[in-house]
Amino acid sequence: MRLVTWNINSIRARTHLVEDFVKQYDPDVICLQETKAMDDQFPVKFIQALGYEHMALHGMKSYHGVATLSKKPFQSTEIIDWCNKGDARHIAVKLAEGPTLHNFYVPAGGDVADPEVNDKFAHKIQFLEEMTEWSRRLSEPSILVGDLNIAPHEHDVWDTKKLKKVVSHTPLERDMMFELMAAHDWVDVMRDFVPLDEKLYSWWSYRAKDWSAADKGRRLDHIWTSPSLKGKAKAMEMVRAARGWEKPSDHAPVLVDFDF
DNA sequence: ATGGTGGGTTCCCCA
């Protein structure tokens with residue numbers, strides 16, 4: 001099974017990217033975040049024409065939104081309302097005779113890394129706490145993917161010292177992500193393929209003059225599995241080229257091939 | 001210390 005996770009930054013503005021990606025990589029399952037479309041605005045016919053008959057959509061007006069698209073039917077679909085806010089940051093599907101696939105869009109957290117003065121950062125902290133408790137109770141084999149908005153390791157960012165106070169790489173967020181991973185013994189699939197002393201990013205700001213030359217990236221997107229699926233990932237590719245396509249998302253897609 | 005770009009419920013919010 002070939003799976004891709006991609007923060008698409010508006011599905012309606014970037015159907016061309018999905019089409020180009022499918023032509024080149026032909027994934028079986030596509031997990032999108034920041035779709036920014038209500039379910040009745042989602043380009044269902046366009047996606048079906050690309051070969052993805054089965055869709056689990058959880059959108060809302062203007063912001064957030066996740067979607068999981070598949071060539072094969074799902075056994076079931078589940079939505080969790082994290083932090084009781086009624087936003088659209090998670091959808092889970094049970095894959096036919098396979099694991100459950102959780103597609104997440106974790107809050108970005110705003111600019112100031114202090115929950116006392118920044119409600120968005122407080123929301124991010126609460127979201128991570130809820131994910132950690134949920135991970136402790138999770139028993140079935142699962143895949144967890146998405147834009148988790150944290151770059152946990154030193155070489156998940158272009159300069160760990162310069163980003164020490166920048167939301168996404170603060171010590172608190174990094175520690176919370178490690179605690180979250182320990183809560184289910186989540187396997188960091190991307191880092192199983194790229195050693196910790198090598199730079200690995202999945203996001204580059206739109207604001208850089210030349211994003212690729214500057215290369216001030218961060219690894220905000222992740223692919224994790226339950227420990228029982230360790231070794232089932234046979235290949236991984238962070239498709240950096242897609243960040244340079246026409247009208248790109250600021251995130252690159254991350255691809256993984258599973259041995260099932 | 002500041003501003004840079006891009007999407008959407010567009011003259012403001014969110015990333």
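Throughout, protein chains are lettered first and strands after them, A, B, ... in sequence-line order, and every chain is numbered starting at 1.
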Subject >> Residue list, ring-ring contact (aromatic ring centres under 6.0 Å, His included) with A/His54, at least two apart or on another chain >> reply: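 A/His54 satisfies ring-ring contact (aromatic ring centres under 6.0 Å, His included) with no other residue.
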Subject >> Proximal nucleotide (of B/dG7, B/dA15, B/dG8) relative to the A/Arg12 side chain >> reply: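 Of the options given, the side chain of A/Arg12 lies nearest B/dG8.
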Original post:
Out of B/dA15, B/dG8, B/dG6, which has the shortest distance to the side chain of A/Arg89?
Top reply: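 For A/Arg89, the side-chain atoms sit closest to B/dA15.
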Show me the side-chain donor-acceptor pairs of residues 118-125 of chain A shorter than 3.5 Å, one per line, residues at least two apart or across chains.
unit_1   : atom_1 : unit_2   : atom_2 : d
A/Asn118 : OD1    : A/Lys120 : N      : 2.9
A/Asn118 : OD1    : A/Phe121 : N      : 3.4
A/Asn118 : ND2    : A/Gly109 : O      : 3.0
A/Asn118 : ND2    : A/Val112 : O      : 2.7
A/Lys124 : NZ     : A/Ala108 : O      : 2.9
A/Lys124 : NZ     : A/Asn149 : O      : 2.8
A/Lys124 : NZ     : A/Glu173 : OE2    : 2.7

Using the test side chain to side chain donor-acceptor pair (under 3.5 Å), find all partners of [X] that sit at least two apart in sequence or belong to another chain.
X        : value
A/Ser205 : none
A/His58  : none
A/Lys164 : none
A/Asp215 : A/Trp204, A/Arg240

Subject >> Set of residues satisfying side-chain contact (heavy atoms from CB on, under 4.5 Å) with respect to A/Phe193, sequence neighbours excluded >> reply: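 Result, side-chain contact (heavy atoms from CB on, under 4.5 Å) vs A/Phe193: A/Val189, A/Ala233, A/Met236.
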Original post:
What pairs with A/Lys165 under side-chain contact (heavy atoms from CB on, under 4.5 Å), at least two apart in sequence or on another chain?
Top reply: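 Testing A/Lys165 for side-chain contact (heavy atoms from CB on, under 4.5 Å), a comparison that skips the adjacent residues, returns none.
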**OP:** Starting from A/Ile11, walk the hydrophobic network (Ile, Leu, Val, Met, Phe, Trp, Tyr; side-chain heavy atoms closer than 4.5 Å) and list everyone else you reach, by chain and number.
**Re:**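 The other cluster members (ILVMFWY side chains, heavy atoms under 4.5 Å, direct or chained) are A/Val4, A/Trp6, A/Ile8, A/Leu17, A/Val18, A/Phe21, A/Val22, A/Tyr25, A/Ile30, A/Leu32, A/Phe42, A/Val44, A/Phe46, A/Ile47, A/Leu50, A/Tyr52, A/Met55, A/Leu57, A/Leu69, A/Val239, A/Trp245, A/Leu255.
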**OP:** Using only side-chain N and O atoms of A/Lys247, determine if any of them is under 4.0 Å from OP1 or OP2 of B/dG7.
**Re:**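 A/Lys247 to B/dG7 OP1/OP2: side-chain N or O found under 4.0 Å.
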Subject >> A/Asn9 versus A/Glu34, side-chain donor and acceptor atoms under 3.5 Å >> reply: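 No donor-acceptor contact under 3.5 Å links the two side chains.
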Subject >> Distance, C1' atom - from B/dC14 to B/dG4, rounded to whole angstrom >> reply: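 Nearest-Å result for B/dG4 against B/dC14 at atom C1': 16 Å.
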Original post:
What are the residues of residues 147-163 of chain A, sorted by number, that bring a heavy atom to within less than 4.0 Å of DNA chain B?
Top reply: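 Contacts with DNA chain B under 4.0 Å: none.
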Original post:
Heavy-atom contacts under 4.0 Å between residues 109-127 of chain A and DNA chain B, which residues?
Top reply: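 Output list: A/Lys120.
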Could you pull out the protein-nucleic contacts involving nucleotides 1-5 of chain B (nitrogen or oxygen on both sides, under 3.5 Å)?
unit_1 : atom_1 : unit_2   : atom_2 : d
B/dG4  : O6     : A/Arg207 : NH1    : 3.3
B/dG4  : N1     : A/Arg207 : NH1    : 3.2
B/dT5  : O4'    : A/Tyr206 : O      : 3.2
B/dT5  : N3     : A/Arg207 : NE     : 3.4
B/dT5  : O4     : A/Arg207 : NH2    : 3.4

